[in-house]
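What follows is a single structure, written as C-alpha cells, with notes after it.
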Amino acid sequence: MIPQKKMAYNVAVVGATGAVGKTFLDILSERKFPIDNLKLLASSKSAGKKMQYNGKEYTVEELTHDSFKNIDIALFSAGASRSKEFAPSAVKAGAVVVDNSSAFRMDNDVPLVVPEVNPEDALKNNGIIANPNCTTIIMLVPLKPLHDYAKIKRVVVSSYQSASGAGAAATMELMEQTKAWSTGEPIEVKAFAHQLLFNVIPHIDVFTENGYTKEEMKMYNETRKMLHSDEIKVSATCVRVPVLTAHSESVLIETEKKLTPEKARELLSNASGVKLYDNPDEKQYPMPLLASGQDLCYVGRIREDIAYDNGLSFFVSGDQLRKGAATNAVQIAELLIK
Ligand SMILES: NC(=O)c1ccc[n+]([C@@H]2O[C@H](COP(=O)([O-])OP(=O)(O)OC[C@H]3O[C@@H](n4cnc5c(N)ncnc54)[C@H](OP(=O)(O)O)[C@@H]3O)[C@@H](O)[C@H]2O)c1
C-alpha cells in the first residue's frame, strides 16, 4: 500500500526510454495522474538523454539501487532481471512497485492484477504488484464477464502478436526489413528467430519441456491465478506476425453453462474495458489497426463454436503497449491512490 494519501505523488518510470516506458509517459499524461516529481530511469547508455513529459523536459538518469529516495510509485518496464535486482531497493526506500516484467507474477505474495478482472487483489500487496503478460491481459478483459456468467472450463487460444511486443528494437527491425525489401537491400534478422516481414513465427519467448513456449505457459498460469481457479485449462499457441502494434487473439472457450452468442454480446457490451465490434455484414470486426492507440479491447466474430457442445469463439484485438502494459499498470496505480 502507498503509506500516505497525498495530492500528488513522486513517480519513477524505470525503462523510460523503451517501448513500454514511452507509452507510460503518454498514459500518465492522458489520465492526468497526480504527479509531483517524475523521475525517468534507464540504462547507463541513456543517462543524460532528454525526454518530454507534459511539455517539460526531463533528463534520464541511470537506474541504481539509490534511485528511489522519496519515490512513492515506481513503474518498472526494464525487463525481468532489472526488476529482480532493483524492485526490492524501491520497496525498501518506501515505494510501491508496479512491475511489467515476468519477474514476480507467479510469486504467492505478489498480486497479479487486471483492474477489470481482480481489482481487489491489488490492495493485498507487500510493496510489489505485478502487471500480467500483455497477451493474457487482452484475453482476460473479455473473458472475465463471460466466466462470471457461464464459468469457463477450457480456453483454446492462438495469438497474432505484433512486433512492438518484443520492444523498441524489434519494432525498428520490422520497419527496417520493410525498407530493405522495398529498396532491394539485404534483410537483416536480429530481434526475432526469423525474418518477420512477409512471415509469421510460432515462437515467442523460449520453449519449455512440455513443448509450449514460456509465453504460452504464462497465458495458462496467469489466467488461473487471476480468475482464482485451478480448474480452467488454457492451451495457447503464440505467434508473432508482421504487425507494428496491437496483439490479436482467436479465442475458443468451453463453458459449464450454455452461453449463446446473443448473451455473450449482451455481457460484453456492458463490460468495462471492452469495445464490442461485431458486425461482419458491415465488415466490422477487431483488427490491430483499429485497436492501436486505444485502451479498449475490441471483441467481435462472436459465434457458437461447432466443435464443442458449450463452445463459443471470438476474436479480440488490443493495444499491448497500452492496455497490455502501461495503461493496465497506471490503472493499478490509480487503484492504490484512490
Ligand atoms: N513491449 C510490450 O508490448 C510489452 C508488454 C508488456 C510487458 N512488457 C515488458 O516490459 C518490459 C520492457 O519492455 P519493452 O518492450 O519496453 O522493451 P524495450 O523497448 O527494449 O525497452 C527496455 C527498457 O529497459 C531499459 N533497460 C535495459 N537494460 C537496462 C539496465 N541495465 N538498467 C536500466 N534500464 C535498462 C532500456 O533502457 P535503454 O534504452 O537505456 O537501454 C529501456 O528503457 C519487459 O519486461 C517486457 O517483457 C513489454
Side-chain angles (χ1 to χ4, degrees), residues 12-27 39-51 58-68 74-87 89-90 97-105 112-114 128-140 159-175 190-192 204-206 213-215 218-219 222 238 240-241 243-248 288 291-293 295 317-332:
V13 177
V14 181
T17 51
V20 175
K22 286 178 184 157
T23 312
F24 261 128
L25 300 185
D26 294 341
I27 305 292
K39 197 172 214 181
L40 304 184
L41 300 163
S43 75
S44 56
K45 89 174 183 330
S46 298
K49 194 176 163 184
K50 308 287 182 202
M51 291 181 80
Y58 289 81
T59 305
V60 177
E61 296 173 38
E62 181 183 355
L63 170 66
T64 70
H65 290 284
D66 299 323
S67 296
F68 301 98
L75 303 168
F76 270 69
S77 67
S81 47
R82 259 73 61 195
S83 294
K84 280 191 186 134
E85 186 178 350
F86 294 99
S89 303
V97 168
V98 184
D99 182 37
N100 256 297
S101 80
S102 58
F104 309 107
R105 286 180 191 149
L112 181 68
V113 176
V114 175
I128 300 178
I129 301 168
N131 214 43
N133 162 265
C134 46
T135 322
T136 311
I137 294 177
I138 290 161
M139 179 176 79
L140 273 200
S159 72
Y160 305 75
Q161 297 184 218
S162 64
S164 59
T171 317
M172 197 52 78
E173 178 159 311
L174 178 58
M175 292 199 278
K190 280 195 269 180
F192 300 109
I204 297 181
D205 210 329
V206 296
T213 63
K214 251 186 167 175
E215 181 85 351
K218 286 174 200 167
M219 295 192 78
E222 295 180 20
C238 290
R240 189 76 65 191
V241 297
V243 161
L244 284 176
T245 311
H247 290 354
S248 302
S292 287
D295 290 323
S317 296
D319 187 322
Q320 93 291 342
L321 288 171
R322 293 177 67 101
K323 182 56 193 166
T327 302
N328 197 74
V330 173
Q331 284 177 298
I332 292 172

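Computation of the quantities below employed the complete heavy-atom set of this structure, encompassing side-chain atoms and omitting hydrogens, waters and symmetry-equivalent molecules. By convention here, the first residue in the shown sequence is residue 1. Just so you know, ligand 1 is whichever comes first in the structure, and atom 1 is the first atom listed for that ligand.
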Checking a contact table here: which protein heavy atom is nearest [atom], and how many Å away?
| atom | answer |
| --- | --- |
| atom 17 (O) of ligand 1 | Gly167 CA, 3.8 Å |
| atom 12 (C) of ligand 1 | Ser77 O, 3.2 Å |
| atom 7 (C) of ligand 1 | Asn100 O, 3.6 Å |
| atom 1 (N) of ligand 1 | Ser164 O, 2.9 Å |
| atom 8 (N) of ligand 1 | Val20 CG2, 3.9 Å |
| atom 21 (O) of ligand 1 | Gly18 CA, 3.2 Å |
| atom 26 (N) of ligand 1 | Ala78 CB, 4.0 Å |
| atom 41 (O) of ligand 1 | Lys45 NZ, 2.8 Å |

Which of the ligand 1 atoms, numbered from 1, are nearer than 4.0 Å to a heavy atom of [X]:
| X | answer |
| --- | --- |
| Gln320 | 3 (O), 5 (C) |
| Thr17 | 36 (C), 37 (O), 38 (P), 39 (O), 40 (O), 42 (C), 43 (O) |
| Cys134 | 5 (C), 6 (C) |
| Ala325 | 5 (C), 6 (C) |

With only distance considered, is [X] within less than 3.5 Å of ligand 1 through an N or O on each side?
| X | answer |
| --- | --- |
| Ala168 | yes |
| Ser101 | no |
| Ala166 | no |
| Ala19 | yes |

Sidechain-backbone polar pair: Lys39 side chain, Ser67 backbone, donor-acceptor under 3.5 Å:
yes
Answer whether the closest heavy-atom distance between the side chains of [X] and [Y] falls below 4.5 Å.
| X | Y | result |
| --- | --- | --- |
| Phe68 | Leu41 | yes |
| Val20 | Leu321 | yes |
| Thr136 | Val114 | no |
| Asp295 | Ile27 | yes |

Among Asn100, Asn328, Val113, the one residue meeting side chain to side chain contact (heavy atoms under 4.5 Å, CB included) with Pro132
Asn328
Looking at ligand 1, does Ala169 have a heavy atom less than 4.0 Å from it?
no
Taking side-chain contact (heavy atoms from CB on, under 4.5 Å) as the definition, give me every residue that meets it alongside Ala130, ordered by chain and number, with sequence neighbours left out.
Arg105, Val110, Leu112
Location of contacts on Arg82 toward ligand 1, heavy atoms closer than 4.0 Å
side chain
Are Tyr160 and His247 an aromatic pair by the rule of ring centers under 6.0 Å?
no
Quick one about Thr64 and Asp66 (side-chain donor to acceptor, distance below 3.5 Å, no hydrogens or angles considered), yes or no?
no
Verdict with reasoning, Thr135 to Gln320, per side chain to side chain donor-acceptor pair (under 3.5 Å):
CA-CA 7 Å; Thr135 322; Gln320 93 291 342; over 6 Å; no
